Amino acid sequence: MHREHLVTQSEEKTGRNFEKELNEEQLKVVLSKGGPSLVIAGAGSGKTRTLIYRVAKLVDDGVPPASILLVTFTNKAAKGVLSRVERLLSVDGKRVWSGTFHHIANLILRRHIGLLGFRSNYTILDEEDRTDLVSLAIAEFGLNESRRFPKANAVAGVISLSTNLSQRIDTTVAQRFPHLNEFIDDLLLIHEHLTNRKKALNALDFDDLLVFLKQVLMEHADVRDHYQSLFRHILVDEYQDTSKLQADIVDILAQGHRNIMVVGDDAQSIYAFRGAHYENILGFTERYPDAVVYKLQTNYRSTQSILDLANSSIIRNKKQYLKQLVATRGVGLLPTIVKTANTEEQASFIAKRILHADASLNDIAVLYRSHYHSMEIQMELTRLGIPFEIRSGIKFFEQAHIKDVLSYLRFVNNPMDELAFKRALKLYPGIGVKTSGYLWDTFVQAQYALSALEAKETLEELSRKAQQHFSGFYKLILNLSDMKEKLPSDMLILILESGYEEYVKLSYTNAEARLEDVRQLINYSARFQSVTGFLSEMALVATVVSSDVEEADKERVILSSIHQAKGLEWKIVFIPWLVDGKFPVIRGNDNQRREAETDAIEEERRLFYVATTRAKDTLYLCYQEWIPERGTYNNALIKPSRFIRELPSYAYETQE
């Protein structure tokens with residue numbers, strides 16, 4: 001009765017029959033009366049459609065398009081919403097203020113940046129530009145003259161993350177990058193220098209756009225009042241992915257009319273590592289006590305069996321808005337939990353099941369927690385001639401850190417390999433193109449005698465910094481040469497422990513993920529008895545994988561990290577490596593693991609939830625019973641993931 005009343009009122013105002021175009025949950029959102037609203041939009045529940053109709057309803061009710069602010073996480077998403085609004089109403093969607101936070105910030109700052117001492121024709125620096133400025137600062141202060149110092153891109157990443165978290169740099173380092181604690185004072189110095197340098201250049205980076213927008217709104221009442229009056233309705237998509245800084249900006253703009261509608265799914269908040277603040281969506285009703293909470297729980301993507309499994313998993317999270325996804329597509333097949341003996345058998349199972357699947361390759365995806373989980377799967381798909389596309393970054397063997405560690409083995413195995421020699425050398429501070437070229441020429445003239453590199457006359461030609469770090473390279477090469485007849489895994493472990501692990505930590509903000517890649521390579525190498533055999537296999541697989549022609553119309557399986565897969569869907573989904581310590585990633589001792597669920601574990605469970613709800617028809621959850629101990633081919637018995645163990649038996653079937 002209530003629904004019929006809403007529909008009748010709507011038709012009187014708009015002339016549209018919303019009942020035919022929206023379900024009851026969506027209808028309540030679209031016809032809401034204003035004020036603060038929180039829309040919890042479950043996976044596959046028609047969130048975008050609801051946003052489209054909400055914007056259309058506002059315009060159809062006489063709200064000027066220019067007084068609507070629609071914030072999305074990509075400009076493409078905003079254009080998609082508005083183009084469909086135009087088709088519904090035959091109005092110019094471009095009049096709506098729409099786009100990403102950065103896009104909106106830029107539009108406003110071009111008018112008001114003078115209040116902060118910048119000129120309106122400021123340059124927007126991209127990530128590479130900012131890294132270059134950081135690199136210049138490191139050189140100017142001589143911070144890498146006598147020791148290893150974090151690479152410029154790592155320093156820039158720390159500064160950016162602290163900005164998005166609205167934290168001091170020392171707080172961010174203590175919480176996220178404790179291995180950089182010794183550099184705190186220097187990082188603060190670089191940050192201050194970077195701020196001053198950008199001011200002198202009349203330049204802003206992407207983070208500055210948000211920082212300065214908030215500053216202008218906070219410090220200048222006339223500007224704040226203008227935009228609070230202008231934006232009569234504010235809609236924010238993917239609200240669970242907003243940073244604290246972004247949420248603060250939205251709250252400031254909505255202070256006047258308080259017509260704010262945020263749309264998102266707390267169960268799909270998975271980007272804490274890049275600054276997303278989960279408390280934004282979880283605490284929305286605390287900041288807006290009069291907010292109306294709507295839930296979209298009708299799922300148009302998956303079968304009920306898949307949703308039952310996802311529901312039974314996410315229900316264990318303590319911090320959440322409870323919801324129960326209900327399918328419109330029927331019950332479907334039970335998800336399958338597949339136990340394999342080891343990683344190779346897991347890859348073989350996935351590849352062969354793909355080969356015999358009754359579906360286009362484009363409708364199949366393998367989703368994983370960490371990039372290295374795809375290594376054996378890439379190799380097996382390559383062997384069987386199954387084309388695939390990587391969505392989690394570049395292909396495993398093309399990654400810089402994999403090529404780095406292999407360059408040492410290549411050179412020791414073949415001292416005439418100039419490319420490997422120079423690549424390994426340039427990992428050391430003070431050694432660049434010129435120095436590595438000089439050392440190579442010296443090495444060749446000495447008939448490839450290593451001793452020539454340590455000669456006094458050779459070292460005298462190097463800078464003091466290059467001399468200091470070259471000794472580390474030389475010692476490592478000698479040790480590896482002595483180990484040439486040993487297992488390649490032992491050699492890779494030595495490379496990691498002789499400075500490469502430190503190099504990664506000082507070079508990348510995602511250092512741990514890269515180190516996991518290297519550790520997985522070490523485990524894989526343990527099956528080879530010789531360096532030559534191992535390198536030959538790597539070269540052959542990498543060559544075949546790299547030669548895969550990227551034809552737009554060619555069918556291919558998608559290999560993707562779960563983070564990259566959010567918002568997408570496939571008929572068949574495989575989730576491998578569901579084992580303790582790998583998914584979820586668990587660090588710390590056994591006592592810590594037995595403690596009450598932490599925020600980190602709850603985010604991991606949300607990641608599992610996102611992965612399972614990508615599947616439309618068929619879902620395989622795969623785990624291996626044994627994985628190699630580090631650097632050996634001795635297998636260690638492991639447990640299936642807690643996310644498997646905690647599932648009710650009715651939610652799946654098993655296969656070995």
Side-chain angles (χ1 to χ4, degrees), residues 303 305-306 309 332-392 395-397 520-521 523-524 526-527 537 541 544-545 548 555-562 565 570-583 608 611-612 614-628 633 635-645 647 649 651-656:
T303 62
S305 292
I306 291 172
L309 183 142
L333 300 172
L334 280 175
T336 303
I337 293 180
V338 182
K339 181 175 78 172
T340 59
N342 51 42
T343 306
E344 294 74 40
E345 188 175 279
Q346 178 178 252
S348 178
F349 165 80
I350 292 172
K352 290 177 180 176
R353 188 54 57 96
I354 289 172
L355 201 59
H356 296 99
D358 185 20
S360 163
L361 293 181
N362 294 332
D363 290 326
I364 304 174
V366 182
L367 308 180
Y368 35 81
R369 173 63 181 86
S370 302
H371 190 48
Y372 73 87
H373 292 170
S374 70
M375 187 183 80
E376 284 88 357
I377 297 169
Q378 288 186 45
M379 297 178 73
E380 190 64 21
L381 292 177
T382 300
R383 289 192 184 99
L384 294 180
I386 301 173
F388 61 90
E389 177 184 339
I390 301 290
R391 295 267 182 90
S392 55
K395 293 171 180 175
F396 188 86
F397 300 103
Q520 184 61 18
L521 181 70
N523 289 342
Y524 181 77
R527 73 191 67 192
E537 177 72 6
V541 172
V544 173
V545 170
D548 183 21
E555 288 188 14
R556 59 189 70 246
V557 176
I558 299 301
L559 304 188
S560 174
S561 69
I562 300 167
W570 293 271
K571 287 184 178 179
I572 302 173
V573 168
F574 297 85
I575 307 175
W577 278 83
L578 278 162
V579 297
D580 251 5
K582 304 300 182 183
F583 191 6
F608 178 69
T612 58
R614 299 311 94 197
K616 297 166 68 175
D617 301 327
T618 308
L619 175 64
Y620 293 100
L621 308 177
C622 306
Y623 73 96
Q624 56 271 53
E625 193 172 16
W626 303 85
I627 61 173
Y633 206 47
N635 286 326
L637 183 63
I638 53 174
K639 293 180 181 179
S641 166
R642 68 168 64 186
F643 299 154
I644 286 181
R645 300 198 310 271
L647 292 172
S649 59
Y652 60 86
E653 61 183 12
T654 59
Q655 179 178 340
E656 294 192 19

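Counting begins at 1 with the first residue of the sequence. Here the structure is a predicted model, which is why all the values come from computation and not from measurement.
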**Short side-chain to backbone donor-acceptor contact, Ser305 and Gly332, under 3.5 Å** = yes

**Message:** Is the shortest side-chain heavy-atom distance between Ile390 and Gln378 below 4.5 Å?
**Reply:** yes

**Shortest non-hydrogen contact from Trp570 toward Arg391** = CZ2-NH1, 4.2 Å

**Request:** Verify side-chain contact (heavy atoms from CB on, under 4.5 Å) between Val338 and Phe349, making sure each step is shown before the conclusion.
**Result:** CA-CA 9 Å; Val338 182; Phe349 165 80; 3.7 Å; yes

**Prompt:** Is the shortest heavy-atom distance from the side chain of Leu381 to the side chain of Val366 under 4.5 Å?
**Reply:** no

**Asked** Is there side-chain contact between Glu345 and Gln624, with heavy atoms separated by less than 4.5 Å?
**Response** no

**Fill in**
Distance col, row Ser370:OG vs Met375:CE, nearest 0.5 angstrom, shows 13.5 Å

**pair Ile562-Phe608: side-chain heavy atoms closer than 4.5 Å** = no

**Asked** Heavy-atom distance under 4.5 Å between the side chains of Tyr623 and Lys582, does that happen here?
**Response** no

**Asked** Are Phe388 and Thr382 close enough, and set up right, to give a side-chain contact (heavy atoms from CB on, under 4.5 Å), and what steps lead you there?
**Response** CA-CA 8 Å; Phe388 61 90; Thr382 300; 3.5 Å; yes

**Item:** Ser641 side-chain N/O to Phe643 backbone N/O, donor-acceptor pair under 3.5 Å
**Value:** yes

**Message:** Within the structure provided, determine whether Pro576 and Ile377 are in side-chain contact (heavy-atom separation under 4.5 Å).
**Reply:** yes

**Prompt:** What distance do Trp577 atom CH2 and Cys622 atom SG have between them, rounded to the nearest 0.5 Å?
**Reply:** 12.5 Å

**Prompt:** How far does CD of Glu344 sit from OH of Tyr524, to the nearest 0.5 angstrom?
**Reply:** 7.5 Å

**Message:** Check this for me: Leu333, atom CG, are more than 12 non-hydrogen atoms of other residues, nucleotides or ligands nearer than 6.0 Å?
**Reply:** no

**Request:** Determine the minimum heavy-atom distance between Met379 and Phe397, stating which atoms define it.
**Result:** SD-CZ, 3.7 Å

**Asked** What closest approach, in Å, do Ser560 and Ala565 show between heavy atoms, and which atom pair accounts for it?
**Response** OG-N, 3.7 Å

**Request:** With rounding to the nearest 0.5 Å, note down the distance linking CG in Asp358 to CG in Asp617.
**Result:** 10.5 Å

**Message:** Within the 4.5 Å heavy-atom criterion, are Tyr620 and Ile350 side-chain neighbours or not?
**Reply:** no

**Request:** Salt-bridge test for Asp580 and Arg645: reply yes if a basic N is under 4.0 Å from a carboxylate O, no otherwise.
**Result:** yes

**Complete:** Heavy-atom closest pair (Ser348 atom, Glu380 atom, distance to 0.1 Å) is CA-CG, 3.9 Å

**Message:** Nearest 0.5 Å, please: how far is CG in Leu578 from CD1 in Ile644?
**Reply:** 4.5 Å

**Message:** By the definition side-chain contact (heavy atoms from CB on, under 4.5 Å), identify the one residue from Leu647, Ile337, Leu334 that meets it with Leu309.
**Reply:** Leu647

**From Lys339 atom NZ to Thr654 atom OG1, the distance as rounded to the nearest 0.5 Å** = 9.0 Å

**Item:** Any side-chain heavy-atom pair of Ile575 and Phe583 under 4.5 Å
**Value:** yes

**Message:** For Arg556, is there any backbone N or O sitting under 3.5 Å from a side-chain donor or acceptor partner on Asn362?
**Reply:** yes

**Fill in**
Heavy-atom closest pair (Ala359 atom, Ile364 atom, distance to 0.1 Å) is O-CD1, 4.4 Å

**Fill in**
Tested for side-chain contact (heavy atoms from CB on, under 4.5 Å) against Phe574, the lone hit among Ile354, Thr336, Val557, Leu367 is Ile354

